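Down below is the structure, laid out as C-alpha cells.
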Amino acid sequence: MSAINDRQLVEAALEGSKHAYIPYSNYRVGAALLTASGDVYTGCNVENAGYSPTICAERTALVKAISEGQQHFASIAVVSRGAGSPCGVCRQFMFEFAPDLKVILADLDGQVQLTTTLAELLPHGFGPANLDER
Ligand code: THU
C-alpha cells in the first residue's frame with residue numbers, strides 16, 4: 001500500500017511543471033514518478049535551442065530517480081495543457097524499467113482526464129527481455 005494517492009501525485013506533477021524551461025514551445029509539462037518504495041521524483045520538460053536535445057518531463061523524472069538508485073516504479077502522473085499523452089520516446093524509456101506502470105494524465109488545472117497503463121500506451125513493447133540470449 002502506497003501512502004501517496006493519485007491526487008497527491010498530480011499535485012506533485014503540477015509543482016514540477018513550474019520549473020519547465022519552455023522558451024520555444026511554451027508547452028508546459030510536469031511529471032511525478034512514484035517509486036515502489038513510496039518516494040516521489042518530479043520532472044519538467046527542458047527545451048534547447050538545438051531543439052532535438054529537448055528532454056520531456058517524464059524522462060527528466062525517470063532519470064532523476066534512476067540516477068539516485070531507484071529502479072522500481074508504481075505510477076507516474078503527467079500534467080500538461082489538454083492532458084497530453086506521453087510521446088513515443090518516453091513510452092519506450094518507461095518500458096525499460098516499468099512495463100506495468102500506471103499512468104495518470106491530467107491538465108494544468110489538475111483535472112485527471114485519463115488513468116491508464118503503459119501496457120495500454122505501448123502494447124507489445126520492445127524491452128530488456130528481447131535482448132536475452134537464447
Ligand atoms: N513534452 C513532454 O515533456 N512530454 C511529452 O510526453 C510530450 C512532449 C514536451 C517536449 C517539448 O518541450 C514540448 O512538450 C513540446 O513538444
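Values in this document were obtained by computation on a predicted structure and should not be read as measured data. When a ligand or atom number is given, it counts from 1 through the structure's own listing order.
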Between Leu62 and Leu33, is any pair of side-chain heavy atoms under 4.5 Å apart? yes

Quick note, ring pair (Phe, Tyr, Trp, His ring centres under 6.0 Å) partners involving residues 61-106, not counting sequence neighbours, are none

Verify the distance criterion only: is there a donor paired with an acceptor across the side chains of Thr42 and Glu15 at less than 3.5 Å? no

Lys/Arg N to Asp/Glu carboxylate O, Glu11 vs Arg7, below 4.0 Å: yes

May I have every N or O pair linking ligand 1 to the protein at under 3.5 Å, one per line with atom names and distance?
| from | atom 1 | to | atom 2 | distance (Å) |
| --- | --- | --- | --- | --- |
| ligand 1 | 3 (O) | Ala57 | N | 3.0 |
| ligand 1 | 4 (N) | Glu58 | OE1 | 2.8 |
| ligand 1 | 6 (O) | Glu58 | OE1 | 3.4 |
| ligand 1 | 6 (O) | Glu58 | OE2 | 2.7 |
| ligand 1 | 6 (O) | Cys87 | N | 2.9 |
| ligand 1 | 12 (O) | Asn45 | ND2 | 2.9 |
| ligand 1 | 12 (O) | Glu47 | OE2 | 2.5 |

Backbone of Arg81 reached by a side-chain donor or acceptor of Tyr27 within 3.5 Å: yes

With a 4.5 Å limit on heavy-atom distance, are the side chains of Val78 and Ile104 in contact? no

